[in-house]
Amino acid sequence: MSDLTPVLRLEDIVKTFPGVRALDGVSLTLLPGEVHALMGENGAGKSTLMKVLGGILKPNEGRIIVGETPVVMSSPLEAKAKGIVFIHQELSLAEELSVAENIYLGELPRKRFGLVDWATLETRTNAILERLKVGFDARTRVGDLSIANQQMVEIARALTVDAKAVIFDEPTASLTDAEKVVLFDVISGLQEQGVGIIYISHRMEEIFKITDRISVLRDGSYRGTVNTADTDEEAVTQLMIGRKLDLTGNESHHELGDVALEVRGLSCGDLFRDINFEVRRGEVVGFYGLVGAGRTEIAETLFGLRDPSAGTILLDGQETVIHSPIDAIARGISLVPEDRKGQGLILGMNCRDNMTLPQVDDLKAGPFVAEGAEVSIFDQYRDRLDIRTPGWKQLVGNLSGGNQQKIVIGKWLSMRPSVLIVDEPTRGIDVGSKSEIHNLIRELAAQGYAVIVISSEMPEVLHVSDRIVAMYSGRIMRTFTSEEVTEDNLIQAISGITPDKAA
Ligand SMILES: Nc1ncnc2c1ncn2[C@@H]1O[C@H](COP(=O)(O)OP(=O)(O)OP(=O)(O)O)[C@@H](O)[C@H]1O
Ligand SMILES: [Mg+2]
């Protein structure tokens, strides 16, 4: 590869925010046709570096060289004109506009007299959408699309320009397996055309599957670049977090208590049918299945966001009706939602207030909120979850993506619910914090909480659960104890293969 002229070089980039040195002299070289992973813990500076490259943030120091030419990236449009396309971690689409308008925003094809050429716009857009094998078209309003499909629109944008470099910032966080296959096809297509790809993800399997080189940041500093073929997960993790990760020590066995939650014959239209299970105090029950199996919908029903069409919910043996999240919270049920962006956070509010929002009433001393109590809750969970922020006053919108997720998790944990439901608890979370969150889940169970963990990551459910409920197409196929479960019988169950049929 040494005879290739790099697509671009970043040299000694420094970027500071008030109280934070987000990038401390970082350099990176991107070669044509390579997939270059950018890794590091939550808050390490990955998105910031890419925002500098993409013309969104101005660096305090450093140079950007595209091909052989030093450039100043003064805006995203300028970056795009230089062939650098950025697919964001936080979706940045205009919900009110159509898919086509979003894809060509700022450069809509025009006819004479400056009128938008809608026919051309649609034909071009649909041609790209076809390549991506998506189930919507140019006219669809972006606000009507699922998060995953909105992500596909972001990806479609990348294919409209003659790109030299494409940056993917955690593109798979909300994609299904089928959509991931399409994305990886797109990436290898770009690669064949000699486009350089920068790929940010916390998912090691992906990194080792599709990347050629890996560069690592830690606390805003550059830690090194390695060939993917010459390294392994452990070495990369060590480079990222500066220590070895202790993945053992989770064998906490404790006595199970009474049944905290029991669900009998619960159904909700076509979403799920005849669901029966129980969770004891001290127990972690994992829900595993493919996207669309109905797991999130069950969680939403237990949390009062959906009304069941049949069945009963019992809390501590008492039949209960839950019509709203307020009912659920009052009865001791908390849900850490899957879509934390949409349902969990107020970006323009500070870290502390976001975390203590649901319990302001409890913290009130007379007419005032006891500020000390709020700050101490925040401090406790900041330490526990290793939330990187200069202080509680920082606006949540200024935190890195993964640290925002930790705030939401802290918010629901700090309510000390008796039944805690967490939906995809470690999506977007770095490896170090991931095992910390797993330990925390086990610890909460040990303290007597009943915990439901919904996850699409098999190692995660296997690791944290005492029992695993396998779902397929709105039904429970089988419930496994941790002794009987294997990867094979779990995969069979979630593919809809019953033991009889398999035999
Ligand atoms: N607009 C901003 N104002 C203040 N601080 C910021 C701003 N943007 C980023 N930061 C800080 O800069 C640091 C690096 O953040 P960045 O978003 O680059 O992290 P990241 O590596 O992308 O993490 P993640 O894996 O969680 O997405 C963090 O400490 C973050 O809080
Ligand atoms: Mg980021």
Side-chain angles (χ1 to χ4, degrees), residues 10 13-26 28 36-62 76 86-92 151 154 167-174 198-204 206-207 214-223 236-237 239-242 340-341 344-345 347-352 354-355 378 382 385-410 424-437:
L10 292 162
I13 304 287
V14 173
K15 177 69 196 173
T16 59
F17 299 107
V20 184
R21 199 167 172 86
L23 295 171
D24 192 12
V26 175
L28 189 80
H36 195 131
L38 185 56
M39 297 198 74
E41 293 179 279
N42 297 130
K46 306 176 296 293
S47 295
T48 304
L49 185 64
M50 293 303 107
K51 286 176 187 165
V52 166
L53 176 57
I56 298 163
L57 290 172
K58 244 175 101 114
N60 303 74
E61 291 172 36
F86 191 174
I87 297 172
H88 292 268
Q89 179 174 20
E90 301 88 16
L91 297 172
S92 57
Q151 187 77 55
E154 287 265 0
I167 304 159
F168 291 94
D169 196 349
E170 296 198 43
T172 56
S174 55
I198 298 179
Y199 190 85
I200 301 179
S201 171
H202 292 292
R203 298 191 170 166
M204 289 283 188
E206 289 175 4
I207 298 288
I214 303 172
S215 287
V216 175
L217 299 182
R218 191 195 315 155
D219 285 334
S221 306
Y222 171 71
R223 308 310 304 192
V236 172
T237 303
L239 212 51
M240 277 170 61
I241 66 180
R340 288 181 270 272
K341 196 103 216 182
L345 288 175
L347 297 179
M349 201 187 244
N350 71 41
C351 294
R352 179 201 69 189
N354 263 287
M355 201 183 272
F378 173 74
R382 180 190 57 196
L385 298 169
D386 192 20
I387 298 172
R388 306 279 171 92
T389 161
W392 63 263
K393 290 184 178 155
Q394 180 69 277
L395 299 183
V396 161
N398 287 341
L399 296 191
S400 78
N403 282 301
Q404 292 184 6
Q405 308 227 3
K406 293 182 191 178
I407 297 270
V408 188
I409 294 172
E424 302 290 356
T426 60
R427 179 178 286 169
I429 301 267
D430 69 58
V431 278
S433 308
K434 202 166 177 169
S435 66
E436 189 56 39
I437 287 174

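Excluded from the calculations below are hydrogen atoms, water molecules and symmetry mates; all remaining heavy atoms, backbone and side chain alike, are included. Order of appearance sets the numbers: ligands from 1, and atoms from 1 within every ligand.
- Contact annotation for Lys51 and ligand 1: no heavy atom of the residue comes within less than 4.0 Å of the ligand.
- Remark: the backbone N or O of Asn42 is paired with a side-chain donor or acceptor of Asp430 at under 3.5 angstrom.
- Considering all non-hydrogen atoms of both residues, Ile407 and Asn354 come closest at CG2-CB, 4.0 Å.
- The shortest separation from a heavy atom of Gly40 to ligand 1 is not under 4.0 Å, leaving the residue out of contact.
- Heavy-atom proximity to Ser47, at under 4.0 Å, picks out these atoms of ligand 1: 17 (O), 18 (O), 20 (P), 22 (O).
- Here the closest non-hydrogen pair linking Ile429 and Lys434 is CG2-N, 3.7 Å.
- Residue Gln405 places every heavy atom at 4.0 Å or more from ligand 1.
- The shortest N or O to N or O distance between Leu49 and ligand 1 is not below 3.5 Å.
- The shortest N or O to N or O distance between Phe17 and ligand 1 is not under 3.5 Å.
- Under the 4.0 angstrom criterion for non-hydrogen atoms, His202 is in contact with ligand 1.
- When heavy-atom distances to ligand 1 are checked against a 4.0 Å cut-off, Val20 comes that close only through its side chain, counted from C-beta outward.
- Closest approach of Tyr222 to Val26, counting heavy atoms only: N-CG2, 4.1 Å.
- Contact annotation: Thr48 places no N, O or S atom under 2.8 Å from the Mg ion (ligand 2).
- Counting atoms of ligand 1 from 1 in the listed order, those under 4.0 Å from a heavy atom of Gly402 are 24 (P), 26 (O), 27 (O).
- Legend: residues meeting side-chain hydrogen bond (donor to acceptor under 3.5 Å, both in side chains) with Arg203, ordered by chain and number and at least two apart, are absent.
- Scanning for side chain to side chain contact (heavy atoms under 4.5 Å, CB included) contacts around Ala37 gives Met39, Ile207, Thr211, Ile214, with sequence neighbours left out.
- Nearest heavy atoms, Leu217 versus Arg223: C-CG, 4.0 Å.
- Heavy-atom separations between Leu399 and ligand 1 include at least one value shorter than 4.0 Å.
- A 4.5 Å side-chain heavy-atom check between Val14 and Arg21 finds at least one atom pair inside the cut-off.
- Residues Thr237 and Met204 are in side-chain contact: their nearest non-hydrogen atoms beyond the backbone lie under 4.5 Å apart.
- Numbered from 1 in the order shown, with element, the atoms of ligand 1 that lie under 4.0 Å from a heavy atom of Ala22 read 12 (O), 13 (C).
- Polar contact check, Gly45 against ligand 1: a nitrogen or oxygen pair lies under 3.5 Å apart.
- Residue Ser400 places at least one N or O, backbone or side chain, under 3.5 Å from an N or O of ligand 1.
- Taking every non-hydrogen atom of Glu41 and a distance limit under 4.0 Å, the qualifying atoms of ligand 1 come out as 21 (O).
- When only modelled atom types and interatomic distance are considered, Glu206 and Ser201 share a side-chain donor-acceptor pair under 3.5 Å.
- Near Asn42, with a cut-off below 4.0 Å to any heavy atom, the atoms of ligand 1 are 23 (O), 24 (P), 25 (O), 26 (O).
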